[in-house]
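In what follows, a structure is listed as structure tokens, so that the remarks can point back to it.
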2 protein chains.
Amino acid sequence: MGRKRTKSGKIRLAEVAELAGVSPITASRFFRNPEALSVAKRTRVESAARELGYVPNLAARALASQRTEVIGVLIPSLTNNVFSDVLRGIYDASEGSRYSIQLSNTRYSVLQEEKLLRLFLAQKPAGLIVTGIDQTAESRAMLEAADCPIVQIMEIGPNPVDMMIGFSHYDAARAAIAHLFEQGHRRVGFVGARMDPRVQRRLDGYVAAMKEADLYDQRLIVTTATPTSVTLGCALFADLIARESDIDAVFCANDDLALGVLFECRRREIAVPEQIAIVGFNDLEFMASSVPTLTSVRTNRYEMGSTAAAMLIEAIDGKRPEQPVLDLGFAVIERQSSQTPRPAAGPRAGEWSSVAQNDSVTNDP
Amino acid sequence: MGRKRTKSGKIRLAEVAELAGVSPITASRFFRNPEALSVAKRTRVESAARELGYVPNLAARALASQRTEVIGVLIPSLTNNVFSDVLRGIYDASEGSRYSIQLSNTRYSVLQEEKLLRLFLAQKPAGLIVTGIDQTAESRAMLEAADCPIVQIMEIGPNPVDMMIGFSHYDAARAAIAHLFEQGHRRVGFVGARMDPRVQRRLDGYVAAMKEADLYDQRLIVTTATPTSVTLGCALFADLIARESDIDAVFCANDDLALGVLFECRRREIAVPEQIAIVGFNDLEFMASSVPTLTSVRTNRYEMGSTAAAMLIEAIDGKRPEQPVLDLGFAVIERQSSQTPRPAAGPRAGEWSSVAQNDSVTNDP
DNA sequence: GTCGTTGCTGGTAGCGCTGTCAACGTTCCT
DNA sequence: AGGAACGTTGACAGCGCTACCAGCAACGAC
């Protein structure tokens, strides 16, 4: 007699098929493309599977079908708040689909990225999400040769490998600086940390805006390769203000730095925004409730993740988006920290609920 | 003639074996237990594999060996900073091992956890990391029946399923309250959000400490099921202070809330710590650089993740730890926000680098 | 010299599932 | 009525790897 249950006691597809009175291949089809079955067999297989508590063996499926149901995700950091939002979007969008997420951390190294990419591609992922547009030539070649859909996230640029979703960090920085100009600021400093390619493009946007206004001064820029933190924001601002005591505004490459700058101002009894205006980047949650509330550039991080995953899954299932490059835009959220000081209108002390954003400059393409 | 390269052009183990002049099974052993081979064959297989660029097919391996090299991780949130640190520890420790991480989000629901657990166990993971000790009876039964090592993380308690690593949230809260008592505070409020089991145990610790000092008053407690945020910290504190204007300290169930309380105090021009002391929980990075710097209870989140993963991998490889339950302890990091107000010693304004922690009460078991 | 014993190697037989293709029954058209 | 077209089903043959066990040589103990 043929083999029954394996020693591990697992239910196999064959058992389900037997109980349902169909061939194994028909049962198999039920799980992959139920529409292909007649209604009668479909219900029979379904109830048999439920009765036996059948769970497909993914390894066997992957081996036989020569493809996995794994979406590889390469991000540069697990610490950064920005990526935890993106990741949440990715996980949320993949939930309910039959794909599972395989995450790897490149630690901001393109060589590490290349290595991980090689590893991932060897396992024939169903799809791939990679961060940014600055892959090595080798990575780029591998991505182009890969026979699965790929989404580049976090920013947009020319020559997408496949799909792309993000926004222009350059334009976002320019919009932030334009806002400061509108508010009458001229000596605008730049504080940046980590200096990954996206922060670098924010710096480029800042530089361009300053040069166009004929206000560029290299001494206004403080950057470091050190990972970002609030404490680092304090330190970098301390450096800047010690050198350039006449600055009237600071554009921070992210919100942690902005919060650090705010604290350092408070420590030195520098009034914000009266003496110095502060603008951050990303619009993390706390920016709306600090005192004073902090202006920031809102970026759609969760949506970036969820849309990327959704697009990718669609593409895997054969429905390529009509819009393979998606600009999710940004919005300058104007708050107290960058308001023009007006006579008799300092930062007000009030109810927490009165902490509302004022106006916003939106860039929704 | 036998089949050569598959159409996909992938190198298989058989090709490597052929080039090395050994049987496939010998080549297979090379990758799993090189010591079992003679030195001659070992080097031959090694160079053959390198020459062909061989990458093992994990699906085939999993199918044939009846086990995967996947570590399942169940955590309740991807947003919470606490878990991103834990996760980073897990990923770091698994890097370099042959195990890969499969992450799933229970969203603080034990039923969701049960469902995910069932899913995970069906794929025979090599090991499992689960959050907390409050599984459903069904989950508990599945975990006990699972034939893989399991680590419970984030807290410690009686009856570990297998291994356990964390600390006592109850004791940590008590230590924080004891510190506030030492500093002369009596009307100590509690502000908590989300109220998951661990926050609940912090509340229990607070209640016990207050009762023992005969200072317990239920009206000092403000909690909500809403997910935590800085803004929520502002709101909850606003509620508390409106009702109980005589409080002299607030213990916050986490640091986001503490920052919110600090901002709300500033908004209302309540001096910290002179009028109200603030203590947070977790000791996130920004606590050391706010103004005033914020006292918090340091928890070893990264170590919790990395140690859990390391222990798990050891256990999978057959080396069970001599210490299956590990208390990672905590430390009350005393900073300006809870210092006893002394004559002529307000919070000083100074260099960022002068933002140092003062003293600390450590609990390293 | 015979008998274990150890260390290394290989053959056989699947692991559980799916791709391919042929075969079947039914319907619809001419 | 005959045939094409379609929808549905099943047989077969692996996917690439490893568990299991047998075989073989080399060695030492008796």
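The sequence lines fix the lettering, A, B, ..., with proteins before strands; numbering per chain opens at 1.
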### Query
Within this structure, what is the CD-to-C1' distance between A:E18 and C:dG16, rounded to whole angstrom?
15 Å
### Summary
To the nearest angstrom, the CG-C1' distance between A:L52 and C:dG16 comes to 15 Å
#### Entry: Selection residues 46-97 of chain A - residue pairs positive for ring-ring contact (aromatic ring centres under 6.0 Å, His included), sequence neighbours left out
A:F31-A:Y54
#### Entry: Under 3.5 Å donor-acceptor, B:E155 side chain and B:Q152 backbone
no
### Message
Between P on D:dC17 and CG on B:N33, what's the gap in Å once rounded to a whole number?
### Response
18 Å
### Task
State whether A:S28 places a side-chain N or O below 4.0 Å from either non-bridging phosphate oxygen (OP1 or OP2) of C:dT18.
yes
### Query
Does OP1 or OP2 of C:dG16 have a side-chain N or O of B:Q66 closer than 4.0 Å?
yes
### Message
The criterion is ring pair (Phe, Tyr, Trp, His ring centres under 6.0 Å); which residues satisfy it with B:F167, sequence neighbours excluded?
### Response
B:H169
Show the distances under 3.5 angstrom between N or O atoms of the protein and N or O atoms of nucleotides 7-10 of chain D.
from	atom 1	to	atom 2	distance (Å)
D:dT9	OP1	A:S38	OG	2.8
D:dT9	OP2	A:S38	N	3.1
D:dG10	OP2	A:S23	N	3.2
D:dG10	OP2	A:S23	OG	3.0
D:dG10	OP2	A:T26	OG1	2.5
D:dG10	O5'	A:S23	OG	3.4
D:dG10	N7	A:R29	NH2	2.8

### Where at least one partner belongs to residues 156-166 of chain B, residue pairs that pass salt bridge (charged side-chain N to carboxylate O under 4.0 Å, His left out), sequence neighbours excluded
B:D162-B:R320
### Message
Counting the atoms with a prime plus P, OP1 and OP2 as sugar-phosphate, which does B:R67 contact under 4.0 Å by heavy atoms, base, sugar-phosphate, or nothing?
### Response
sugar-phosphate
### Message
Between C1' on D:dC17 and CD1 on B:I11, what's the gap in Å once rounded to a whole number?
### Response
16 Å
### Partner set under salt bridge (charged side-chain N to carboxylate O under 4.0 Å, His left out) for B:E46, not counting sequence neighbours
none
### Task
For A:E51, enumerate each residue passing the salt bridge (charged side-chain N to carboxylate O under 4.0 Å, His left out) test, keeping only those at least two apart in sequence or located in another chain.
none
### Query
Once you round it to whole Å, what is the distance between P of C:dG19 and CG of A:L13?
12 Å
## Note on the structure
Applying salt bridge (charged side-chain N to carboxylate O under 4.0 Å, His left out) to B:E144 and not counting sequence neighbours gives B:R140
### Query
Once you round it to whole Å, what is the distance between P of C:dG16 and CZ of A:R32?
17 Å
### Message
Quick test of your reading: applying salt bridge (charged side-chain N to carboxylate O under 4.0 Å, His left out), list the pairs with at least one residue in residues 55-64 of chain A, sequence neighbours left out, ordered by first then second residue.
### Response
A:R61-A:E69
### Query
Which residues within residues 53-63 of chain B lie with some heavy atom under 4.0 Å of an atom in DNA chain C?
B:L63
## Note on the structure
Contacts satisfying side-chain hydrogen bond (donor to acceptor under 3.5 Å, both in side chains) that involve residues 301-316 of chain A (not counting sequence neighbours) are A:D85-A:R301, A:D92-A:Y302, A:T299-A:R301
## Note on the structure
Residues of residues 312-320 of chain B with a heavy atom under 4.0 Å from any atom of DNA chain D, listed by number, are none
### Summary
Smallest heavy-atom separation, A:T68 atom then A:A62 atom, equals CG2-CB, 4.2 Å
### Summary
Applying salt bridge (charged side-chain N to carboxylate O under 4.0 Å, His left out) to A:R32 and not counting sequence neighbours gives none
